[in-house]
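Everything on this sheet refers to the single structure shown next.
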Amino acid sequence: MNTPTPQPGRVFAFFSCKGGVGTTLLTVTLGYLLAQQWQRRVLVVDWVRPYGDAALWLTSEEPRSDLQELLSQPERLDPTLLRSALLMPQSRLAVLPAAQDGSATIPAGAAQHLLALARHQFDCILCDCGRVQDTLILEVLRCADRLLPLLQPTLPMMRDARRLLATLREAGIAHDRMVPLVNRGPAAPHILQQDMLEQALGSRIRHRLPDAARLARLLHSRAQAEWPKALLHLANALARPQPRQDPMPGLLQRWWRKQWRWNPSSPDQEAP
Ligand SMILES: Nc1ncnc2c1ncn2[C@@H]1O[C@H](COP(=O)(O)OP(=O)(O)O)[C@@H](O)[C@H]1O
Ligand SMILES: [Mg+2]
């Protein structure tokens with residue numbers, strides 16, 4: 001009997017236009033949930049340079065290597081070398097710690113190579129990209145299946161997020177892969193506020209994560225805690241396998257897309 005070929009893992013890039021928005025906390029919490037509750041093989045990669053702290057949230061183990069060491073010699077990078085650099089807080093959860101040296105140059109194409117290798121070994125690759133401020137992060141965003149910009153619903157942040165998304169669009173990064181996340185907003189926003197936010201970003205907001213004062217503590221205590229529902233909903237969406245190809249061909253597909261003002265995915269094909 002033929003065994004089905006495993007699907008390559010999916011890459012999710014979390015980023016923000018400002019620090020302190022919750023990019024790292026959400027990346028690591030979702031990594032933990034996907035490994036623990038959805039039994040996915042998860043890799044968290046910390047692309048923040050310098051001072052990335054994703055590994056610190058998940059383990060007290062000392063890094064043996066880091067992203068910089070792996071990426072500086074892409075020609076040597078193979079599955080064994082990748083494995084040797086990973087910290088394993090749990091059997092299904094791996095972390096690749098951030099580069100210690102923020103100034104070293106990383107050859108173009110190295111990030112793409114690393115992510116291609118990781119797709120063969122993991123179901124979900126969660127990238128903490130921090131702020132989008134160099135070509136390395138742009139390369140990660142280009143490779144990602146889903147881009148998850150985080151923002152808090154304040155006017156300055158909405159303005160900055162709008163500018164960032166416009167810049168990314170100009171850089172050729174497809175808008176239809178964007179899944180904006182509102183973090184620490186009110187659980188039930190006013191409909192006008194929601195509409196304004198969606199108009200500003202040019203995307204639907206499907207995920208709003210509440211301010212959960214205990215979130216960081218839950219992650220550390222490893223308790224079987226009551227995780228916020230919105231977070232579980234998002235983890236569930238990330239855990240789903242790659243959606244099938246849209247069955248609607250050519251003209252019909254274009255017509256359907258026109259009816260839907262937000263983006264080219266059809267309304268019933270929930271992202272991510
Ligand atoms: N939804 C949330 N509820 C409560 N605290 C949060 C939430 N998101 C982030 N935080 C807190 O905000 C602070 C900054 O988060 P962090 O993930 O380090 O931001 P970033 O990586 O974007 O700089 C942390 O202390 C974190 O615990
Ligand atoms: Mg961070």
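In what follows, residues are counted from 1 in the order of the sequence shown. Only heavy atoms go into these numbers, but all of them, side chains included; no hydrogens, no water, no symmetry mates. First listed ligand is number 1; within each ligand, the first listed atom is number 1.
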List the atom pairs, with distances to 0.1 Å, where a side-chain N or O of residues 155-166 and a protein N or O form a donor-acceptor pair under 3.5 Å, not counting sequence neighbours.
residue: Asp160; atom: OD2; partner: Lys18; partner atom: NZ; Å: 2.3

>> With a 4.0 Å heavy-atom cut-off, what residues sit around ligand 1?
In response: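 Lining ligand 1: Gly19, Gly20, Val21, Gly22, Thr23, Thr24, Leu25, Trp57, Asn183, Arg184, Pro210, Asp211, Ala212.
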> Of all residues at least two apart in sequence or in a different chain, which pass the side-chain hydrogen bond (donor to acceptor under 3.5 Å, both in side chains) check with Thr27?
Replying inline: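 Thr27: no side-chain hydrogen bond (donor to acceptor under 3.5 Å, both in side chains) contacts found.
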> Listing by chain and number, what protein N/O/S atoms are under 2.8 Å from the Mg ion (ligand 2)?
Replying inline: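 Near the Mg ion (ligand 2), the protein supplies Thr24 OG1.
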> Should Arg83 and Asp78 count as an ion pair when the cut-off is N to O under 4.0 Å?
Replying inline: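 No salt bridge links Arg83 with Asp78.
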> Should the pair Asp123-Arg40 be classified as a salt bridge under the 4.0 Å nitrogen-to-oxygen rule?
Replying inline: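 Here Asp123 does not pair with Arg40 in a salt bridge, since their nearest N and O are not under 4.0 Å apart.
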>> Pair Asp66, Arg49 - check salt bridge (charged side-chain N to carboxylate O under 4.0 Å, His left out), show working.
In response: CA-CA 11 Å; Asp66 67 28; Arg49 292 190 302 165; over 6 Å; no
>> Quick check: closest heavy atoms across Val44 and Ala54, and the distance to 0.1 Å?
In response: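 Of all heavy-atom pairs spanning Val44 and Ala54, the closest is CG1-CB, 4.3 Å.
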>> Is it the case that the side chains of Asp128 and Trp47 hold a donor-acceptor pair, with the cut-off being a distance below 3.5 Å and no angle test?
In response: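 There is no such pair between these side chains.
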>> If we count only N and O atoms by modelled type, under 3.5 Å, do the side chains of Arg92 and Gln36 hold a donor and an acceptor together?
In response: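 No donor-acceptor contact under 3.5 Å links the two side chains.
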>> I'd like to know whether Leu150 forms a side chain to side chain contact (heavy atoms under 4.5 Å, CB included) with Phe14, so could you lay out the CA-CA distance, the side-chain angles of the two residues, the decisive distance to 0.1 Å, and finally the verdict.
In response: CA-CA 7 Å; Leu150 259 95; Phe14 295 82; 4.1 Å; yes
